[in-house]
Amino acid sequence: MNSARGLASDIRESRKTAVQVLEDFLKNIDVREDDVNAFNLVDRENALEAAAKIDETLASGRDAGPLAGVPVAIKDNLCTRNLATTCSSRILEGWEPPYDATVVERLRSAGAVIIGKTNLDEFAMGSSTEHSAYGPTRNPRDLTRVPGGSSGGSAAAVAAGFAPIALGSDTGGSIRQPAALCGVVGVKPTYGLVSRYGLVAFASSFDQVGPFANDVADAALVLETIAGHDPLDSTSIPSPPPSLSDRLSSGVDGLRVGLVSELLEGVDEDVVEQLHQTADALRAGGAIVDSVSIPAVEYGLTAYYLIAPAEASSNLARYDGVRYGMRAEGSEVAEMNAATRRQGFGDEVIARIMMGTFALSAGYYDAFYGKAQKVRTLTRRDFDSAYAKHDILLSPTSPSVAFRFGERSDPMTMYRCDTCTVPSNLIGDPAISVPYGTGEGGMPVGVQVLAPQLGESQMFQVASFIESQAPKQDAV
Ligand code: GLN
């Protein structure tokens, strides 16, 4: 497996050209993309042109950046200039943003080559990538199983060797859960660490952009590239971002790690087993590992599934057939608006808009939306007390390994996939999913490392240690 770091240095030191590297990945795409369906769009021509430019820059002796010539796959809810951005929804069909998301721009300036746009659950609502208007993405490790979601295309692209790195967005777990199910690394940064400018909004108080990678060090490099203040996002943190790469091999000696007991409840045996193995590995590395209770996480899922749809119902009001994408026929404007939305949105999106509108409606606001916001405060307090005695917390990323298509057809069963991931979104803390061992059917298990706000340095340090102790996984 080629790391992004390795590829960038091969290219910088002329062992390979950026075009050769890109062509290798395009070949992998040619062989397996029909089966996997990770991409909504593979942008061959522009990618080849960008790679050739990197080679020219290097040939003339100039610096081409830390990610020189590294292909990167971008979730299709991140705006790319003059390149279709669909959110895997019919309603955005034909829309080409006139600008790049800040994260895309930062990757390009670091020398990365955008290889294509990846599939997702429509508007990032889902946990399996089954809710895409462009068909499901399949898990490269077992094509009968889902890759997780909503960033299933990005996770699958990295796992299948279509790109060494990818970007996703995480509102309630959409980077970490597919990373876990596909056996790659996925990071949800501290809220505000990475700019949301150009990320199509789902639930603005939760949404964060983050990397997928084959290893923790690559994820650190990508996060370092995209993190940092952006005046175009009013929620962007103005202080300098934490440094990540320099502490990766510092070990875990003396660190206090808490295993969140509530997040082991209802989790499949095979996943729990790997968590205990991880805890033992941390202990062997000198960490002090014990159980910690965070009672408020019990309400996390309920609070998330009120607030996220509430915010979505407002954010998605802009798709009215006037400004973006498709337009259905109607004899007057209101009829056209309604017809466009009915035809343009899939069932899950419509369900969320209805739930959200209901939760915000007069007479129900206090009972639902208002109460869910109080759960956020409660969750913050409970986590603060846990962090008073622990440096880092640990939990499964997903309650199960990748499940089979159609296996979770009712919404509640699907929503339960997010139990372990939503708490970090509710409070804005960072979390990373690292592969550790396998479970049922030989499918990968992901371990989640949680840290307090802007605690990414230590989070990556622990994640890197866990990775170094993990049983080796077969390549796909
Ligand atoms: N699965 C969660 C949902 O459906 C999270 C989605 C996300 O993080 N974008 O809302």
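By convention here, the first residue in the shown sequence is residue 1. All values below come from the heavy atoms of this structure, side chains included, with hydrogens, waters and symmetry mates left out. Each ligand, and each atom within it, is numbered from 1 in the order the structure gives.
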Asks: Tell me: protein heavy atom nearest atom 10 (O) of ligand 1, and distance?
Replies: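 Of the protein heavy atoms, Y304 OH, 2.7 Å lies nearest.
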
Asks: Which of the numbered atoms in ligand 1 are under 4.0 angstrom from any heavy atom belonging to F202?
Replies: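 Numbered from 1, ligand 1 contributes 9 (N), 10 (O).
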
Asks: Using ring pair (Phe, Tyr, Trp, His ring centres under 6.0 Å) as the criterion, list what pairs up with Y324, not counting sequence neighbours.
Replies: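 Here the qualifying residues are W95, Y319.
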
Asks: For G149 and Q177, work out which heavy atoms get closest and say how close.
Replies: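 Closest approach of G149 to Q177: N-OE1, 2.8 Å.
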
Asks: At what distance is the nearest protein heavy atom to atom 7 (C) of ligand 1, and which residue and atom is it?
Replies: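 Checked against all protein heavy atoms, atom 7 (C) of ligand 1 sits closest to S174 OG, 2.3 Å.
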
Asks: Rounded to the nearest 0.5 Å, how far apart are CG of L301 and CE of M412?
Replies: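 Result: 6.0 Å between the selected atoms.
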
Asks: Is it the case that the side chain of Y299 and the backbone of R376 share a donor-acceptor pair, with hydrogens and angles ignored and the cut-off at 3.5 Å?
Replies: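 Not confirmed, Y299 side chain does not pair with R376 backbone.
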
Asks: Measuring from the heavy atoms of A308, does anything fall under 4.0 Å of ligand 1?
Replies: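 Under 4.0 Å: no for A308.
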
Asks: Please determine whether any non-hydrogen atom of Y305 lies less than 4.0 Å from an atom of ligand 1.
Replies: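 Judged by the 4.0 Å heavy-atom criterion, Y305 does count as contacting ligand 1.
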
Asks: Looking only at distances, can you tell me whether any N or O atom of D170, backbone or side chain, sits closer than 3.5 Å to an N or O atom of ligand 1?
Replies: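 It does not: no N or O of D170 is found under 3.5 Å from an N or O of ligand 1.
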
Asks: Please round to the nearest 0.5 Å and tell me the distance separating atom OG1 of T379 and atom CG of N425.
Replies: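 It comes to 11.5 Å.
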
Asks: Does ligand 1 come near enough to D418 that some N or O of the ligand is less than 3.5 Å from an N or O of the residue?
Replies: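 Yes, there is a polar N/O contact under 3.5 Å.
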
Asks: Answer yes or no for R352: is there a heavy-atom contact with ligand 1 below 4.0 Å?
Replies: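 The answer is yes, since R352 has a heavy atom less than 4.0 Å from ligand 1.
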
Asks: With atoms numbered from 1 as shown, which atoms in ligand 1 lie under 4.0 angstrom from a non-hydrogen atom of G126?
Replies: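 Result: 1 (N), 2 (C), 3 (C), 4 (O), 6 (C).
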
Asks: Please report whether ligand 1 has a polar contact with M125, defined as an N or O pair separated by less than 3.5 Å (distance criterion only).
Replies: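 It does not: no N or O of M125 is found under 3.5 Å from an N or O of ligand 1.
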
Asks: Testing the 3.5 Å rule here: is there a donor-acceptor pair between the side chains of T190 and Q453?
Replies: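 No, because no side-chain N or O of T190 sits under 3.5 Å from a partner of the opposite role on Q453.
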
Asks: Pull out every atom of ligand 1 sitting under 4.0 Å from any heavy atom of S150, numbered as shown with elements.
Replies: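 In order of numbering, the contacting atoms are 9 (N).
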
Asks: Does a donor on one side chain sit under 3.5 Å from an acceptor on the other, for D76 and Y134?
Replies: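 No donor-acceptor contact under 3.5 Å links the two side chains.
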
Asks: Decide if the gap between the ring center of F358 and the ring center of F368 is smaller than 6.0 angstrom.
Replies: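 Judged by ring-centre distance (under 6.0 Å), F358 and F368 do meet the cut-off.
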
